[in-house]
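Working notes, beginning with the structure itself.
Protein chains get the first letters and strands the later ones, always in sequence-line order, with residue 1 at the start of each. No experiment lies behind these values; they were computed from the predicted model shown.
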2 protein chains.
Amino acid sequence: MSRKYIDNPNACTLVHTMNTIGNKWKPIILYLLSQGPLRFGMLNLLVPTISKKVLSTQLKELENDDLVSRTAYAETPPRVEYALTQKSKGLLPILKALSEWAEITYPEIDFEQCRIADHQLKEE
Amino acid sequence: MSRKYIDNPNACTLVHTMNTIGNKWKPIILYLLSQGPLRFGMLNLLVPTISKKVLSTQLKELENDDLVSRTAYAETPPRVEYALTQKSKGLLPILKALSEWAEITYPEIDFEQCRIADHQLKEE
DNA sequence: ATTTGTGGTAACCTCAGAGTAACTATGTCT
DNA sequence: AGACATAGTTACTCTGAGGTTACCACAAAT
C-alpha cells in the first residue's frame, strides 16, 4: 500500500479547520465582520435567527481561536465591539473562494432566499 | 443601517458550502480521493476511525451533491470505486488553501499526530 | 458444508450543539 | 419609583449527527 493516512497530514489540518470554522454560524459571523467591526446587538440583528446564547458562544470560541477580537467599552449601557484579527483576515480570500465555488457549482440554488432575513431588520 | 443581511448573499453561499462539506469526515474523504479513485474498503482502511455506516452515509451524500462518483462493478465479491467529479475537483485548490492557512495560522499545533492512524493500517 | 471477502443495511443508542425563556447588572431617563 | 437599553448568563429541553453491533447477498475457495 503506497498511499497511507500517514502520508496525508494535510487531511488533518483540514479536519482542524472544519472543527474551527465549519459550523452553522461561524462563517457567516466572520463574513459579516469582514466589512468592519460590529457590536453584539448588531450581529444579532444581522443574523436574526441566531439566539443570544449561541451568538455569545460562537464569539467566545472565535475569540479563543484568535479569529475575533473583543473590545468592551466601560459605558452604560455596555458597548462591546467585535472585529477580525490578523489570523481571520488571512481566511477571507479563502471564504470568498468557497462562496464563489458554491455559486458556480450549484447554479440551480437560489442563494438570494436569505433575503427573508431582511423582514426582521429595522432601519438604523 | 447601511449594511444588511440582504446585501450579503455571499454569506448564504458560505453557509451552504459548510452544510455541504463542513462536517467531520467529508473534507478528509475528498482529500483522500484527490489522489485517485478508491474503493469503499480502502477508504475505510485509510480512515480507520470511521464506521462503515457513517462512511456509507457520507459517500451517499457526496454522491447526491455530485461531488463524488460511484462506480459498481458486477463482480463477486463486489467492487465499488469512488472518485472525484468535476465539481469537487474545483474544490481542491480551496481545500489546499484552507489546509495551508491552518498550518501557518496555528504553528503550535502538531498536525502530524494523525499518524497514530498508521498503526491500524496493513501493508498492501 | 462452512468459511472468506466485499459492500453494504437495520435497529438501536449517546451526547454535544443548538434552541427557549427568564433573569441579571448598571446607569440614565421620565 | 419604575421603565429602558445593552450584553450577556443560567437552567432547561430537544434534535440529529455520529457511533455500535449484528446481519445480509453472492460466489469462490477450502
Is B:Ser56 close enough to C:dG7 that one of its side-chain N or O atoms is under 4.0 Å from OP1 or OP2 there? no

Phosphate OP1/OP2 of C:dG8 contacted by B:Arg79 side-chain N/O (<4.0 Å): no

Of the options D:dA7, D:dA11, C:dG7, whose atoms approach the side-chain atoms of B:Phe40 most closely? C:dG7

Of the candidate nucleotides D:dA7, C:dC12, C:dG19, which contains the atom at the shortest distance from the side chain of A:Val54? C:dG19

One pair to check against side chain to side chain contact (heavy atoms under 4.5 Å, CB included): A:Thr17 and B:Trp101. What are the steps and the verdict? CA-CA 9 Å; A:Thr17 304; B:Trp101 172 82; 4.1 Å; yes

Minimum-distance nucleotide to B:Arg70 side chain [options: D:dG19, C:dG8, C:dT20]: C:dG8

Heavy atoms only, 4.0 Å cut-off, all strands: where does A:Lys24 land among base, sugar-phosphate and nothing? sugar-phosphate

side-chain contact (heavy atoms from CB on, under 4.5 Å) partner of B:Ser56, the single match among B:Lys52, B:Lys60, B:Lys53: B:Lys60

Write down the distance between NZ (A:Lys52) and C1' (C:dT24), rounded to a whole number of angstrom. 10 Å

Between C:dA18 atom C1' and A:Lys26 atom NZ, what is the distance in whole Å? 13 Å

Could you check which of C:dG8, D:dG8, D:dG19 has an atom nearest any side-chain atom of B:Val80? C:dG8

Send over the distance from A:Leu45 CG to D:dT6 P, rounded to a whole Å. 9 Å

When all nucleic acid strands are considered with a 4.0 Å heavy-atom cut-off, which category describes A:Gln58: base, sugar-phosphate, or nothing? sugar-phosphate

Give one of base, sugar-phosphate or nothing for B:Asn23, where a contact means two heavy atoms less than 4.0 Å apart. sugar-phosphate

Nearest-Å distance for atom pair CD/P, residues A:Glu61 and C:dG17: 7 Å

What's A:Ser51 touching, base or sugar-phosphate or nothing? Going by heavy atoms closer than 4.0 Å. base

OP1 or OP2 of C:dT9 under 4.0 Å from side-chain N/O of B:Lys60: yes

According to a strict under-4.0 Å criterion, is A:Arg39 in side-chain N/O contact with OP1 or OP2 of D:dT6? no

Students often get this wrong, so: under 4.0 angstrom with heavy atoms, is B:Tyr73 touching a base, only sugar-phosphate, or nothing? nothing

Parallel, tilted or perpendicular: rings of B:Phe40 and B:Tyr82 (30°, 60°): tilted

To the nearest angstrom, the CG-C1' distance between B:Asn19 and C:dA18 comes to 14 Å

